[in-house]
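All residue numbers in this chain count up from 1 along the given sequence. Here the structure is a predicted model, which means the values were calculated and not measured.
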Amino acid sequence: MPPEPFRPFDSLIEQEHALALLRDATAGAEDGELFLERRRSEVLTLDDGRIRTASHDVSQGFGLRAVRGESTGYAHSTEISEPALRRAAETARLAVDDGGSVRAAPPAGTNRSPYPDTDPLARAAFARKLELLREIDAFLRAEDGRVVQVSATIATALQEVEILRPEGQRLHDRRPMSQLFVSVIVEENGRRETGSHGLGGRAGIDGLLEPACWRAAGREALRIALVNLRAVEAPAGVMDVVLGPGWPGILLHEAVGHGLEGDFNRKRTSVFSGLMGQRVAAPGVTVIDDGTLPDRRGSLRFDDEGTPTRRNVLIEDGILVGYMQDRQNARLMGVSPTGNGRRQSHAHAPMPRMTNTFMLGGQARPEEILAELKDGIYAVGFSGGQVDITSGKFVFSCTEAYRVRNGRVEEPVKGATLIGDGATALRRLRAIGNDMALDPGIGNCGKAGQSVPVGVGQPTVLIGGLTVGGAAT
């Protein structure tokens, strides 16, 4: 049977006592909160016909924060009890010093939940998941005789959150997450290549267990592996690049999105610092961060400070119009919080983070954009990348890319990396497609040692003059 819902103020600590300690810790501070959570997760991985991972994890705890100016006192514990909370309040209080600040207004209301109130861990038995992983393995080996290895993972999680604020406001949320990931290795004439694909979001697991869903994910992983099997070495040099829709938005997320987080701009360490109201991208470029999208991986009913998430326009028709803010940074910059205060867990203090970040579509048809590309690269899949926030410079590795000549998509290429900087790339956008798509629901974002789930997206776009790293021409 599934465990009882997480109700810490009913079974672990009296709300009145917790509120009194929180008020003591934040007296004379500008802000603060008590964040409590219970997280349950399950991961099951079948690799090459054998179970490699079978884990079930349960953790819970609290984090107590007191904020005054740029100073933050934060203490956390895995023990939810009045003695532990009292020790945490004494520690967090050290950042407030003698106080004297006026408390900021609390968050106003909450959103309708953008995800179902469901427990993904309770929706499918362990044995059924194991059976499905074996079905995926058998299915892909039967699909193509060149398949030599299959790895498949089903991951589910439920994060239950309570936030108590000094003015007495109390918020509760249940945040589901489900994910299916498939990786395939194929071999032909002694050459091996890999392809992978994943699906997920803030929903129950049932949809991912449907045959139509997992077969599609498996076939896509196999397709990518077979494409890479016939790929040639990528060219090197400065050339025009077309990025496909959906997951390639990870480049936008990393190269541009982080630079639009408020803390980097307040500290003037972002390439976009001081450019509010100025043109930072080509006409037609509109970038949104929206934490309210139904069932999306980066969506939240409210952020980890209690601020309702919302649709935030960051760049509108090429003009910088907004940053993403948590409560502390917004107050220091004299603006309103935007619902982007996020934390990895109760053991971490919140900071400005993205939710679902994407570029809106334009008017051009994708085939028209490709027809414009005389000699370049068409990149539709990416793996990891590196970005320097201060300069905006990025390096991204392509997992699926093609050479384009005279508007024709020709041979696939391997080893391609895209090198540039976000600000310049935005200004060099020459065409924006009408096919905006969001990613399949597999993204995580790292910042300052914290990882949170996010969504990305974009239409097909043409960028002029990126540096492509590959084999020498």
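Between the side chain of Asn265 and the main chain of Arg268, no donor-acceptor pair closer than 3.5 Å is present. At distances below 3.5 Å, not a single donor-acceptor pair connects side-chain atoms of Asp295 with backbone N or O atoms of Ala203. Of the possible donor and acceptor atoms, none in the side chain of Gln344 sits under 3.5 Å from a partner among the backbone N and O of Ala349.
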Next item on the list: Kindly determine whether Arg297 and Asn444 satisfy side-chain hydrogen bond (donor to acceptor under 3.5 Å, both in side chains), including the steps that lead there.
Entry: CA-CA 9 Å; Arg297 187 170 172 83; Asn444 283 305; 3.0 Å; yes

Note to self: Does Asn312 form a side-chain hydrogen bond (donor to acceptor under 3.5 Å, both in side chains) with Gln325? I'd like the steps, not just the answer.
What the structure shows: CA-CA 10 Å; Asn312 296 299; Gln325 305 283 8; over 6 Å; no

Note to self: I'd like to know whether Arg191 forms a salt bridge (charged side-chain N to carboxylate O under 4.0 Å, His left out) with Glu193, so could you lay out the CA-CA distance, the side-chain angles of the two residues, the decisive distance to 0.1 Å, and finally the verdict.
What the structure shows: CA-CA 7 Å; Arg191 175 176 172 176; Glu193 295 291 346; 3.1 Å; yes

Note to self: side-chain hydrogen bond (donor to acceptor under 3.5 Å, both in side chains) for Thr292 and Asp290? Distances and angles first, verdict last.
What the structure shows: CA-CA 6 Å; Thr292 70; Asp290 191 344; 2.6 Å; yes

Next item on the list: May I have the step-by-step check of salt bridge (charged side-chain N to carboxylate O under 4.0 Å, His left out) for Arg353 and Asp303, ending in yes or no?
Entry: CA-CA 10 Å; Arg353 303 294 299 272; Asp303 71 8; over 6 Å; no

Item checked: Worked check of salt bridge (charged side-chain N to carboxylate O under 4.0 Å, His left out) between Asp263 and Lys267 -> CA-CA 6 Å; Asp263 50 351; Lys267 299 171 184 176; 5.2 Å; no

Margin query: Working note: Asp421 + Arg428, criterion salt bridge (charged side-chain N to carboxylate O under 4.0 Å, His left out); need CA distance, chi angles, decisive distance, verdict.
Written below: CA-CA 11 Å; Asp421 71 86; Arg428 290 182 178 172; over 6 Å; no

Next item on the list: Apply side-chain contact (heavy atoms from CB on, under 4.5 Å) to Leu121 and His56, showing your working.
Entry: CA-CA 10 Å; Leu121 281 75; His56 186 92; 3.4 Å; yes

Note to self: Test side-chain hydrogen bond (donor to acceptor under 3.5 Å, both in side chains) on Gln159 and Arg40; report intermediate values, then the result.
What the structure shows: CA-CA 7 Å; Gln159 181 194 29; Arg40 294 187 292 119; over 6 Å; no

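Looking at residues two or more places apart in sequence or on another chain, you find a side-chain hydrogen bond (donor to acceptor under 3.5 Å, both in side chains) between Thr45 and Thr153. Residues forming a side-chain hydrogen bond (donor to acceptor under 3.5 Å, both in side chains) with Thr460 (at least two apart in sequence, or on another chain): Asp435. Phe139 meets the ring pair (Phe, Tyr, Trp, His ring centres under 6.0 Å) test with Trp214; sequence neighbours excluded. The ring pair (Phe, Tyr, Trp, His ring centres under 6.0 Å) search around His253 returns His258, not counting sequence neighbours.
For the residue pair Asn111/Arg301, the side-chain donor-acceptor check at 3.5 Å is not satisfied. His172 and Glu162 are linked by a side-chain donor-acceptor pair at a separation below 3.5 angstrom, with hydrogens and angles left out of the test. A donor-acceptor contact closer than 3.5 angstrom is absent between the side chains of Ser113 and Asp173.
Residue pairs satisfying the salt bridge (charged side-chain N to carboxylate O under 4.0 Å, His left out) criterion with at least one member in residues 317-333, sequence neighbours excluded, are listed as follows: Glu30-Arg331, Asp31-Arg327, Asp31-Arg331.
Within the 4.5 Å cutoff, the side chain of Asp240 has heavy atoms near those of the Arg430 side chain. A 4.5 Å side-chain heavy-atom check between Val456 and Trp247 finds at least one atom pair inside the cut-off. Side chains of Lys374 and Arg405 form no contact here, defined as non-hydrogen atoms less than 4.5 Å apart. Between Ile205 and Ile154 the shortest side-chain heavy-atom distance falls below 4.5 Å. Contact annotation: the side chain of Val241 never approaches that of Tyr378 to less than 4.5 Å [non-hydrogen atoms, C-beta and beyond]. Counting only heavy atoms from C-beta outward, the side chains of Pro412 and Glu400 never approach each other to under 4.5 Å.
Asp48 approaches Val148 most closely through the heavy-atom pair OD1-O, 3.9 Å. Here the shortest heavy-atom pairing between Tyr323 and Leu314 reads C-CD2, 4.1 Å. Closest non-hydrogen pair, Pro235 versus Val468, comes out as O-CG1, 3.5 Å. Nearest heavy-atom pair, Met359 versus Met436, reported as atom, atom and distance to 0.1 Å: O-CG, 3.0 Å. The two atoms that bring Val184 and Ala225 nearest to each other are O-CB, 3.9 Å, heavy atoms only. Here the shortest heavy-atom pairing between Arg342 and Thr355 reads NH1-CA, 3.8 Å.
A salt bridge between Arg403 and Asp375 is present, with a side-chain N of the basic residue lying under 4.0 Å from a carboxylate O of the acidic one. Ionic pairing of Arg175 and Asp304 is present here: one or more N-O contacts between side-chain nitrogen and carboxylate oxygen are shorter than 4.0 angstrom. Of the charged side-chain nitrogens involved, at least one lies within less than 4.0 Å of a carboxylate oxygen, so that Lys447 and Glu261 count as a salt-bridged pair. Ion pairing of Glu411 with Arg230 is absent here, as no side-chain N (NZ or NE/NH1/NH2) approaches a carboxylate O to less than 4.0 Å. The existence of a salt bridge linking Arg38 and Glu160 is confirmed by a sub-4.0 Å separation between a basic side-chain nitrogen and an acidic carboxylate oxygen. With respect to the salt-bridge test (charged N to carboxylate O, under 4.0 angstrom), the residues Arg146 and Glu187 do not qualify. Using a 4.0 Å cut-off between charged nitrogen and carboxylate oxygen, Glu220 and Arg223 count as a salt-bridge pair. For Arg311 and Asp289, the salt-bridge test fails: no basic side-chain N is under 4.0 Å from an acidic carboxylate O.
Rounded to the nearest 0.5 Å, atoms CD (Glu210) and CG (Leu180) are 12.5 Å apart. A distance of 12.0 Å separates CG in Leu429 from CZ in Arg427, rounded to the nearest 0.5 Å. Between the CG atom of Leu462 and the CG atom of Leu370 there is a distance of 9.0 Å, given to the nearest 0.5 Å. Here the straight-line distance linking atom CG of Leu300 with atom CG of Asn340 works out to 9.5 Å at 0.5 Å rounding. For the atom pair CG of Asp119 and CG of Leu158, the computed distance is 5.0 Å after rounding to the nearest 0.5 Å. Taken to the nearest 0.5 Å, the CG atom of Leu132 stands 5.5 Å off from the CG atom of Leu209.
Results of the side-chain contact (heavy atoms from CB on, under 4.5 Å) test with Leu44 over Leu133, Thr53, Thr156 single out Leu133 as the only residue that passes.
A cation-pi geometry, defined here as NZ or CZ lying under 6.0 Å from the six-membered ring centre and within 45° of its normal, holds between Arg343 and Phe35.
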Can you give each donor-acceptor pair under 3.5 Å made by side-chain atoms of residues 392-399, sequence neighbours left out, with the distance rounded to 0.1 Å?
unit_1 : atom_1 : unit_2 : atom_2 : d
Thr399 : OG1    : Gly381 : O      : 3.4
Thr399 : OG1    : Phe382 : N      : 3.3

